[in-house]
Engineer: 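Sharing a structure, written as structure tokens. Questions coming.
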Amino acid sequence: MDIKREFRRWQLACNALSNNEYQQALGAFSACQSSAKLHFNMGMIHAILGQYRHALDEFAKAVELDPYFSIGYFQAGVCHFLMNNFVKARACFDKAYNCLRGNKMINYGQLGLDFMLYACEVLYNRGVCHLYLRNEIGGMMDFFEAQQLKINRQHDLIDDAIQTRSKKMGIYSVPPGVIFQLTDCQRQIIDGSSDLTTTFYKMCYKAAQKVALATSAAK
């Protein structure tokens with residue numbers, strides 16, 4: 001596989017999406033090598049078009065390739081919710097929460113996605129599903145747990161949900177158009193300012209520095 005050609009196709013797809021050329025974006029992504037990030041991106045585009053079943057197919061492929069791909073389960077839950085499939089939505093949010101493995105958040109920025117997935121948002125979404133399924137106790141339990149994990153002011157919605165016990169407040173989601181872009185290292189490879197060998201050694205050096213710092217701190 002020509003890695004530069006692969007990255008160029010990815011960039012073309014991202015550019016097409018930025019210009020609202022959705023079919024062109026899907027076509028460019030479909031020519032790229034299969035990966036969890038690829039299918040997530042295609043799922044997000046289908047969701048923008050209101051093609052939720054197609055989006056769910058892509059998210060399913062994403063989590064099949066990466067069973068710990070929390071963001072994939074999360075957005076699948078959003079699609080099911082928008083289709084009023086609250087049982088399936090709840091199950092997806094449950095899987096997304098379990099994939100967080102006790103972390104309060106996952107920052108996908110280093111992987112090219114400008115989004116942070118918060119545990120409190122996943123729990124809130126699951127709680128809303130419980131309310132739609134007439135399980136008020138389950139919903140309130142999720143809201144209270146989510147309240148303990150709040151990070152910033154955008155999570156004040158959780159407090160409102162507890163006070164009103166309303167299921168009509170909407171849910172958290174990755175914003176439309178936010179997808180996995182190329183990372184800085186990948187862009188450098190396209191521009192010719194870096195090659196694969198140099199990038200590999202830079203990554204190894206950074207990893208070694210982190211290990212050294214962790215070892216020093218442990219002493």
Engineer: Between M42 and L65, is there a shared hydrophobic cluster once you connect ILVMFWY residues whose side-chain heavy atoms come closer than 4.5 Å?
Structural biologist: no
Engineer: Restricting to non-hydrogen atoms, name the atom on F93 and the atom on F74 that form the minimum distance, rounded to 0.1 Å.
Structural biologist: CE2-O, 3.3 Å
Engineer: Walk me through whether I71 and I106 qualify under side-chain contact (heavy atoms from CB on, under 4.5 Å).
Structural biologist: CA-CA 9 Å; I71 195 70; I106 295 179; over 6 Å; no
Engineer: Locate the shortest heavy-atom distance separating Y124 from A161; write the atom from each residue and the value.
Structural biologist: CE1-CB, 3.6 Å
Engineer: Can you tell me how far the SG atom of C32 sits from the CZ atom of R5, to the nearest 0.5 Å?
Structural biologist: 11.5 Å
Engineer: For the hydrophobic clusters of this structure (ILVMFWY residues joined by side-chain heavy atoms under 4.5 Å, transitively), does one cluster hold both F180 and I3?
Structural biologist: yes
Engineer: Do Y132 and F81 make the cut of ring centroids closer than 6.0 angstrom?
Structural biologist: yes
Engineer: Is the shortest side-chain heavy-atom distance between N125 and L123 below 4.5 Å?
Structural biologist: no
Engineer: Q181 vs Q186, test: side chain to side chain donor-acceptor pair (under 3.5 Å). Steps then yes/no.
Structural biologist: CA-CA 10 Å; Q181 305 278 343; Q186 290 168 335; over 6 Å; no
Engineer: Distance from D159 atom CG to T164 atom OG1, nearest 0.5 Å?
Structural biologist: 10.5 Å
Engineer: Roughly how far, to the nearest 0.5 Å, is CG of D191 from CG of D184?
Structural biologist: 10.5 Å
Engineer: Using every non-hydrogen atom in the two residues, find where F69 and A36 come nearest and quote the distance to one decimal.
Structural biologist: CE2-O, 3.7 Å
Engineer: Given 3.5 Å as the limit, does a donor-acceptor pair link the side chain of N103 with the main chain of M105, or not?
Structural biologist: no
Engineer: Could you state the interatomic distance from CG (D94) to SG (C129), rounded to the nearest 0.5 Å?
Structural biologist: 10.5 Å
Engineer: Check the pair L38, N41 against side-chain contact (heavy atoms from CB on, under 4.5 Å), reporting the backbone distance first and the verdict last.
Structural biologist: CA-CA 5 Å; L38 169 78; N41 283 2; 5.7 Å; no
Engineer: Closest heavy-atom contact between A55 and A47?
Structural biologist: CB-N, 3.9 Å
Engineer: So if you build clusters from Ile, Leu, Val, Met, Phe, Trp, Tyr with side-chain heavy-atom gaps below 4.5 Å, do F143 and I151 land together?
Structural biologist: no
Engineer: Are side-chain heavy atoms of I162 and Q147 found at a separation under 4.5 Å?
Structural biologist: yes
Engineer: Check whether L117 and V178 end up in the same hydrophobic cluster, where Ile, Leu, Val, Met, Phe, Trp and Tyr are linked by side-chain heavy atoms less than 4.5 Å apart.
Structural biologist: yes
Engineer: Can you measure from CZ (R8) to CG (L12) and round to the nearest 0.5 angstrom?
Structural biologist: 9.5 Å
Engineer: With a sphere of 6.0 Å drawn around NZ of K95, does it hold more than 12 non-hydrogen atoms of other residues, nucleotides or ligands?
Structural biologist: no
Engineer: If the condition is side-chain hydrogen bond (donor to acceptor under 3.5 Å, both in side chains), which residues does Q51 pass it with, not counting sequence neighbours?
Structural biologist: H46
Engineer: Given the rule in the side-chain contact (heavy atoms from CB on, under 4.5 Å) test, do Y172 and L157 qualify, once you have shown the distances and angles that lead to the verdict?
Structural biologist: CA-CA 10 Å; Y172 292 99; L157 178 64; 3.5 Å; yes
Engineer: Do we see a donor-acceptor contact under 3.5 Å between the side chains of Q11 and N15?
Structural biologist: yes
Engineer: For N98, is there any backbone N or O sitting under 3.5 Å from a side-chain donor or acceptor partner on Y73?
Structural biologist: no
Engineer: When you group the ILVMFWY residues by side-chain heavy-atom contacts below 4.5 Å and let the links chain together, are Y68 and F59 in the same group?
Structural biologist: no
Engineer: With a 4.0 Å cut-off, would you call K37 and D66 a salt bridge?
Structural biologist: no
Engineer: Check whether more than 12 heavy atoms from other residues, nucleotides or ligands sit under 6.0 Å from atom CD of E21, and answer yes or no.
Structural biologist: yes
Engineer: Under a 4.5 Å cut-off applied to non-hydrogen side-chain atoms, are M83 and R53 in contact?
Structural biologist: yes
Engineer: Which heavy atom of V122 sits nearest to which heavy atom of L100, and what is that distance?
Structural biologist: CG2-CD1, 4.2 Å
Engineer: Provide the full list of ring-ring contact (aromatic ring centres under 6.0 Å, His included) pairs with a residue in residues 94-120, sequence neighbours left out, each pair given once.
Structural biologist: Y118-H155
Engineer: Answer yes or no: is there a donor N or O on one side and an acceptor on the other, between the side chain of N85 and the main chain of K88, under 3.5 Å?
Structural biologist: no
Engineer: In the structure I gave you, are the side-chain heavy atoms of S34 and K61 within less than 4.5 Å of one another anywhere?
Structural biologist: no
Engineer: Could you tell me which non-hydrogen atom of S70 sits nearest to which non-hydrogen atom of A96, and how far apart they are?
Structural biologist: OG-O, 2.7 Å
Engineer: Kindly indicate whether the side chain of L182, heavy atoms from C-beta on, has any atom under 4.5 Å from the side chain of I190.
Structural biologist: yes
Engineer: For the residue pair R9 and F29, would you count it as a cation-pi contact if the rule is NZ or CZ under 6.0 angstrom from the ring centre and within 45 degrees of the ring axis?
Structural biologist: no
Engineer: Using the side-chain contact (heavy atoms from CB on, under 4.5 Å) rule, take F7 and I189 through it: C-alpha gap first, then chi angles, then the decisive distance, then the call.
Structural biologist: CA-CA 8 Å; F7 291 161; I189 291 172; 3.9 Å; yes
Engineer: Flag the pair E58 / F40 as yes when at least one side-chain heavy-atom distance between them is below 4.5 Å, and no otherwise.
Structural biologist: no
Engineer: Do the non-hydrogen side-chain atoms of I158 and K150 ever get within less than 4.5 Å of each other?
Structural biologist: yes
Engineer: Would you say that more than 12 heavy atoms from the other residues, nucleotides or ligands in this model lie under 6.0 Å from the CE of M116, or not?
Structural biologist: yes
Engineer: A side-chain contact here means heavy atoms from C-beta on lying under 4.5 Å apart; do H130 and E136 qualify?
Structural biologist: no
Engineer: When you measure from the side chain of E6 to the backbone N and O of Q33, does any donor-acceptor pair fall under 3.5 Å?
Structural biologist: yes
